[in-house]
Undergrad: 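I have a structure here, written as structure tokens, and I will follow up with some questions on it.
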Amino acid sequence: MNRRTVFITGGASGIGLGIAEAMMKQGHHVIIADINEQAAKEAVIKLAHLEGSASAVAVDVCDAQQVAALPEVLGKHTVDVLINNAGIQHVSRIEDFPADKWQQLINIMLVGPALLTQAFLPAMREQNYGRIINVGSIHSLVASPYKSAYVAAKHGLLGFSKTIALETGDCDITINTLCPAYVKTPLVEQQVAAQAKENNLTEEEVITKIMLEPMPKKQFVSVEELADTASFLMSPSARNITGQTMVLDGGWTAR
Ligand code: NAD
């Protein structure tokens, strides 16, 4: 595969960091974009021994001005692959859900991907190649209680992707959404604790009775599985896969 410039939001931790590592192993240039600048810089140092190259950029994906300035900030690096991965979670019944938190989740996981797509699409069009890979979730397809903002944002991402797939049908640009069930990352570890409190369960019970219970395969999805799926979507063989939902759910939605 050609060496690509891959821009990963939320690339300093968890799934984003894992995908960054896999992309570097394949020789790509990775731009680790994160609101946590320090963590993004540390990630670049941590991955420096790998074959590709990496740089860090600080960005809040909700900040329209910061995002619009990115192509200029990145200079010679034209983004070939945009991975919209940044995300947060907040677990609360709707009656207690703070309004500003609800808005923040939508801004990070739905408005952010739209702003980034706007920023990078013109150059992708110009070079007639682009891949936009959204990190959705099993919660793009099904709901769980106490996650109303997250589920709404992740469902919205599928509608957004389908629309942009139609708008980019005239060139070699695709947009797809990876929808994993649970992946063991800092985001999930924090959720285990929150769910335990909300449901009055132990942390072990949250994993077995809530997280893995609906999955026939009863195992966390690995970051490598997501990275390999992203690599496939970047390849020429996937040029006709667009507006699609790639579901890595251990059979959750087969029921
Ligand atoms: P994580 O907490 O390990 O990493 C998220 C990263 O996003 C962090 O580095 C954080 O600093 C960054 N971030 C947060 N807000 C940002 C903002 N406004 N602008 C830029 N960066 C920001 O989480 P993770 O588990 O790796 O999750 C990554 C993505 O995968 C999220 O979209 C999440 O919804 C999705 N996802 C995770 C799981 C899972 O089980 N971990 C399952 C399905 C989907």
Side-chain angles (χ1 to χ4, degrees), residues 7-22 31-44 46 56-67 70 82-91 100-101 103-116 119 133-144 147 149-158 160 177-195 206-207 210-212 214-215 219-227 229-230 245-250 252-253:
F7 186 98
I8 309 180
T9 70
S13 172
I15 293 172
L17 181 58
I19 294 179
E21 183 175 356
I31 302 169
I32 296 180
D34 208 287
I35 197 168
N36 186 340
E37 186 175 16
Q38 183 62 26
K41 285 182 174 162
E42 282 167 17
V44 168
K46 192 176 153 207
V57 64
V59 68
D60 175 354
V61 298
C62 314
D63 185 321
Q65 279 183 345
Q66 273 185 34
V67 174
L70 280 170
L82 163 63
I83 302 189
N84 282 313
N85 164 77
I88 62 167
Q89 178 60 280
H90 187 81
V91 178
D100 57 347
K101 195 43 98 176
Q103 186 70 58
Q104 188 193 13
L105 264 69
I106 299 291
N107 285 346
I108 295 176
M109 294 181 290
L110 186 54
V111 181
L115 295 174
L116 281 141
I133 301 171
N134 301 313
V135 180
S137 164
I138 183 66
H139 288 113
S140 297
L141 300 159
V142 298
S144 293
K147 295 185 179 177
Y150 186 88
V151 170
K154 294 296 191 185
H155 272 65
L157 205 47
L158 299 186
F160 171 70
T177 307
L178 307 180
C179 292
Y182 290 101
V183 187
K184 262 239 166 130
T185 67
L187 183 99
V188 159
E189 274 151 20
Q190 161 228 314
Q191 247 185 88
V192 172
Q195 289 265 28
V206 170
I207 291 175
I210 296 184
M211 292 185 164
L212 301 184
M215 266 181 103
Q219 59 198 353
F220 283 101
V221 176
S222 71
V223 174
E224 289 71 23
E225 291 164 67
L226 291 167
T229 310
T245 308
M246 315 295 281
V247 185
L248 293 85
D249 71 349
W252 186 323
T253 51

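Counting from 1, the numbers follow the sequence of the chain as shown. Every number for a ligand or one of its atoms is a count from 1 in the order of the listing.
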Undergrad: Collect the protein residues that have a non-hydrogen atom under 4.0 Å from ligand 1 and hand them over in chain and number order.
TA: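 Close residues (ligand 1, cut-off 4.0 Å): Gly10, Ser13, Gly14, Ile15, Asp34, Ile35, Val59, Asp60, Val61, Asn85, Ala86, Gly87, Ile88, Ile108, Val135, Gly136, Ser137, Tyr150, Lys154, Pro180, Ala181, Tyr182, Val183, Thr185, Pro186, Leu187, Val188.
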Undergrad: Kindly indicate whether the side chain of Met211, heavy atoms from C-beta on, has any atom under 4.5 Å from the side chain of Lys184.
TA: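 The answer is no, as the side chains (C-beta and beyond) never meet within the 4.5 Å cut-off.
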Undergrad: Can you check whether His139's main-chain N or O pairs, donor with acceptor, with His155's side chain at less than 3.5 Å?
TA: yes
Undergrad: Only one of Lys154, His90, Gln191 passes side-chain contact (heavy atoms from CB on, under 4.5 Å) with Lys147; say which it is.
TA: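 Checked Lys154, His90, Gln191 against Lys147; only one passes side-chain contact (heavy atoms from CB on, under 4.5 Å): Gln191.
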Undergrad: Between the side chain of Asn85 and the main-chain N/O of Thr9, is any donor-acceptor distance below 3.5 Å?
TA: yes
Undergrad: With rounding to the nearest 0.5 angstrom, report the CD1 to CD distance, Ile108 to Gln103.
TA: 11.0 Å
Undergrad: Can you list the residues that meet the salt bridge (Lys or Arg N to Asp or Glu O under 4.0 Å) rule with Lys41, with sequence neighbours excluded?
TA: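 Salt bridge (Lys or Arg N to Asp or Glu O under 4.0 Å) check on Lys41 returns Glu37.
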